[in-house]
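Computed from a predicted model, the values in this text were never measured in an experiment. In what follows, chains are A, B, ... by sequence order, proteins preceding strands, each numbered from 1.
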There are 2 protein chains.
Amino acid sequence: MAVDAPALSPRPKSLNPKLVPALPSIAAEVSALLDLKAAGRSLRAGQEIVSEGRRCNAVFLLIEGIAIRYRILRDGQRQILNFILPGDFVGVTSCRFDSALYSVKTLTAATIAPIPLSALMALAETNPQTAARLFWSFSSEAAILAEHLIAIGRRPAIERVAHLLLELFSRLQRIGLADERSYRLPLTQELISDALGLSIPYVNRILQQLRHAGLATIKDRQVIIQNIEELAALADFEHTYLRPLSIGELVP
Amino acid sequence: MAVDAPALSPRPKSLNPKLVPALPSIAAEVSALLDLKAAGRSLRAGQEIVSEGRRCNAVFLLIEGIAIRYRILRDGQRQILNFILPGDFVGVTSCRFDSALYSVKTLTAATIAPIPLSALMALAETNPQTAARLFWSFSSEAAILAEHLIAIGRRPAIERVAHLLLELFSRLQRIGLADERSYRLPLTQELISDALGLSIPYVNRILQQLRHAGLATIKDRQVIIQNIEELAALADFEHTYLRPLSIGELVP
DNA sequence: CGTTAATTTGAGACTCATCAAATTTTGTGG
DNA sequence: CCACAAAATTTGATGAGTCTCAAATTAACG
């Protein structure tokens, strides 16, 4: 089921001390079916997977590492749409248009497995049940975007930051990349500000508030959630939106 | 292919003077297959289709009328996530969780056709190709949410408002519900403010700016885009994100 | 171990929110 | 079809939240 970690080339310098995590079941299923393990490509930190304005002829399964999806506006500002974690598919939205609407790039060293659109179409022909499950799973991305929209549209900066830290915590924990109250991630203040529509100096001040309140700290590329309950209360965080039902769980 | 307007009961009191628009092809296909026309239910303005916190056991095809998807926050604020227009599916994200994350309610009189999840599952069994196309089409919603996220996160109020007016214009035009430079829609300032994360008085002032600049006017539930080019330039509006490729157009 | 990247601090300005009230428009029952 | 109640728009004054700019400090990396 899960991708076998030792089968991939070990990467001692990886920022992530953990092994390759378990993939969500549909990702594992597709991975097995299309032999994606063999197709894995290693990327360095900062490499683009998808480039805005360019045709995108594949979707990618992120096997290891962290990436972001973002848009650069005409005035040079950046808006990060979401963080992409192991087990997530990359480029699903981008390949739906004749040129990609967003860019995706790695934040750490990463391993990705491309799935050419032709393979996806073939899958829809030869294995339509799996394809349906896969496509169904794609729509869960909308829930995360919607939650970001709510946070950015209607919540003050401190709640947004708290919410982001908790979302990443919850998602990483789910795939075995976080422990009880912390996770490793090169989450710079610039990334936070671009994800939440804030300025870097203000994010800095917000982080100080969280630190002084004993709620959360970022240090040495490590995010430490010191008081989960209080932070969740502050952020009005409820992790249901990160736990979509698979197609099989819909009708009990 | 398209839904036959006269076949549906005419609704003289409808706020919308136009007839039922052509559905997108996948919607038409599913509609025909499941005989959704016969299943159409009429709703009055302001009725809830999906309620946050409640189990949602169906998706709905909006056949006629306008709806919004939104969340009410703990402090009573509302964030509108998107506007739902004829031909759009409702509740796709909501039914993916054991209780709906958002509410959906009509803004005008409307006609919807429920598709029980069981029917959707059955479709995936009996007609997996169609199901795959349908599920694939669901993921285009993410592009609209992403664009909203960018607007709210990184653009000043006047650009957000301009962007929203143009998005609705473009989407309505596509389904035959807008003419050259205007469309009918009960778009109150409260709706705009809740969609864009602004206050009502400020939206009011922004609309005055747009009006005085000769760019756009809202009057008598009608939105008039007086200068499309200039408004689009102001908003940095590019409608690619509203024109996803169907699954068949992906590999040319 | 230097050089670039990231964080931190301060001062000042500006966008936009809040609150309150007046005005206009819309919907509705008589 | 009018009159009234409710909803929506408009205006003003004030203040909070957040941004910008600039520079200093600290941390990361080859």
Side-chain angles (χ1 to χ4, degrees), chain A residues 12-15 44-46 68 73 75-80 105 107-109 151-162 184-212 216-224 234, chain B residues 13-15 44-46 68 73 75-80 105 107-109 151-162 164 184-212 216-224 234:
Chain A
K13 290 228 182 140
S14 168
L15 288 161
R44 279 169 287 106
I68 51 171
L73 306 198
D75 63 356
Q77 288 187 100
R78 178 172 69 171
Q79 175 66 45
I80 293 175
K105 79 171 178 192
L107 244 36
T108 66
I152 293 185
R154 287 299 188 193
R155 294 208 243 255
I158 193 167
E159 296 181 19
R160 291 186 218 175
V161 173
R184 306 208 103 246
L185 194 68
L187 189 64
T188 66
Q189 297 180 5
E190 184 176 21
L191 287 168
I192 297 175
S193 70
D194 285 344
L196 300 179
L198 300 167
S199 68
I200 298 175
Y202 200 58
V203 166
N204 182 276
R205 285 164 179 132
I206 294 291
L207 288 176
Q208 289 178 38
Q209 289 183 43
L210 291 176
R211 195 185 315 140
H212 295 145
T217 304
I218 302 180
K219 191 154 190 356
D220 298 331
R221 326 205 116 201
Q222 178 134 18
V223 179
I224 304 165
L234 170 64
Chain B
K13 290 226 182 141
S14 169
L15 288 162
R44 279 171 286 108
I68 52 172
L73 305 199
D75 63 356
Q77 289 188 100
R78 177 173 70 171
Q79 175 66 46
I80 293 175
K105 79 171 176 192
L107 244 36
T108 66
I152 292 186
R154 285 300 188 195
R155 296 208 241 255
I158 191 166
E159 297 181 19
R160 289 187 220 176
V161 173
L164 175 61
R184 305 206 104 247
L185 194 68
L187 188 66
T188 66
Q189 296 180 6
E190 184 177 18
L191 287 168
I192 297 175
S193 71
D194 285 345
L196 300 179
L198 299 167
S199 67
I200 298 176
Y202 200 60
V203 166
N204 182 276
R205 283 162 180 133
I206 296 291
L207 288 176
Q208 290 178 40
Q209 289 183 44
L210 292 176
R211 196 184 317 142
H212 295 146
T217 304
I218 301 180
K219 191 154 189 0
D220 297 332
R221 325 201 119 201
Q222 178 135 18
V223 179
I224 305 166
L234 171 64

Find out whether [X] and [Y] are in side-chain contact, i.e. whether some heavy atom of one side chain is under 4.5 Å from a heavy atom of the other.
{"X": "A:Ile68", "Y": "A:Asp194", "answer": "no"}
{"X": "A:Leu210", "Y": "A:Ile158", "answer": "yes"}
{"X": "A:Ile152", "Y": "A:Gln79", "answer": "yes"}

Rounded to whole Å, please give me the gap between [atom1] in [X] and [atom2] in [N].
{"X": "B:Leu107", "N": "D:dA7", "atom1": "CG", "atom2": "P", "answer": "15 Å"}
{"X": "A:Glu190", "N": "C:dA5", "atom1": "CD", "atom2": "P", "answer": "10 Å"}
{"X": "A:Gln222", "N": "C:dT7", "atom1": "CD", "atom2": "C1'", "answer": "18 Å"}
{"X": "A:Glu159", "N": "D:dG17", "atom1": "CD", "atom2": "P", "answer": "12 Å"}
{"X": "A:Leu210", "N": "C:dT8", "atom1": "CG", "atom2": "P", "answer": "12 Å"}
{"X": "B:Leu207", "N": "D:dT9", "atom1": "CG", "atom2": "C1'", "answer": "10 Å"}
{"X": "A:Ile200", "N": "D:dC21", "atom1": "CD1", "atom2": "P", "answer": "13 Å"}
{"X": "A:Asn204", "N": "D:dT20", "atom1": "CG", "atom2": "P", "answer": "15 Å"}

Output yes when a side-chain donor or acceptor of [X] lies under 3.5 Å from a complementary backbone atom of [Y], and no otherwise.
{"X": "B:Arg154", "Y": "A:Arg78", "answer": "yes"}
{"X": "A:Arg211", "Y": "A:Thr217", "answer": "no"}
{"X": "A:Gln222", "Y": "A:Leu185", "answer": "no"}

Contact under 4.0 Å: [X] side-chain N or O vs [N] OP1/OP2:
{"X": "A:Gln208", "N": "C:dT7", "result": "no"}
{"X": "A:Arg221", "N": "D:dC29", "result": "yes"}
{"X": "B:Arg154", "N": "D:dC19", "result": "no"}
{"X": "B:Gln189", "N": "D:dA7", "result": "no"}

Picking from [options], which would you name as closest to the side chain of [X]?
{"X": "A:Thr188", "options": "C:dT7, D:dT18, C:dG10", "result": "C:dT7"}
{"X": "A:Pro201", "options": "D:dT11, C:dC16, C:dT9", "result": "C:dT9"}
{"X": "B:Leu198", "options": "D:dT18, D:dA22, C:dC16", "result": "C:dC16"}
{"X": "B:Tyr202", "options": "D:dT10, C:dT7, C:dA17", "result": "C:dA17"}
{"X": "B:Arg160", "options": "C:dC16, D:dT10, C:dT8", "result": "C:dC16"}

Q) Which residue lies toward the 5' end of DNA chain D, A:Ser199 or B:Ile218, if each is placed at its nearest nucleotide? A)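 Taking each residue's closest nucleotide, the earlier one in sequence belongs to B:Ile218.
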
**Q.** Along DNA chain D (nearest heavy atom to each residue), the more 5'-positioned of A:Lys219 and A:Arg205
**A.** A:Arg205

Q: Pick base, sugar-phosphate or nothing for B:Arg155, based on heavy-atom distances below 4.0 Å to the nucleic acid.
A: nothing

Q.
Just to be sure I understand the rule, does B:Arg44 reach a base, reach only the sugar-phosphate, or reach nothing, if contact means heavy atoms closer than 4.0 Å?
A.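 Since no nucleic acid heavy atom lies under 4.0 Å of B:Arg44, the category is nothing.
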
Q. Say you pick atom P in D:dC19 and the same atom in C:dT18; how far apart are they, in whole Å?
A.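 That atom pair is separated by 16 Å.
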
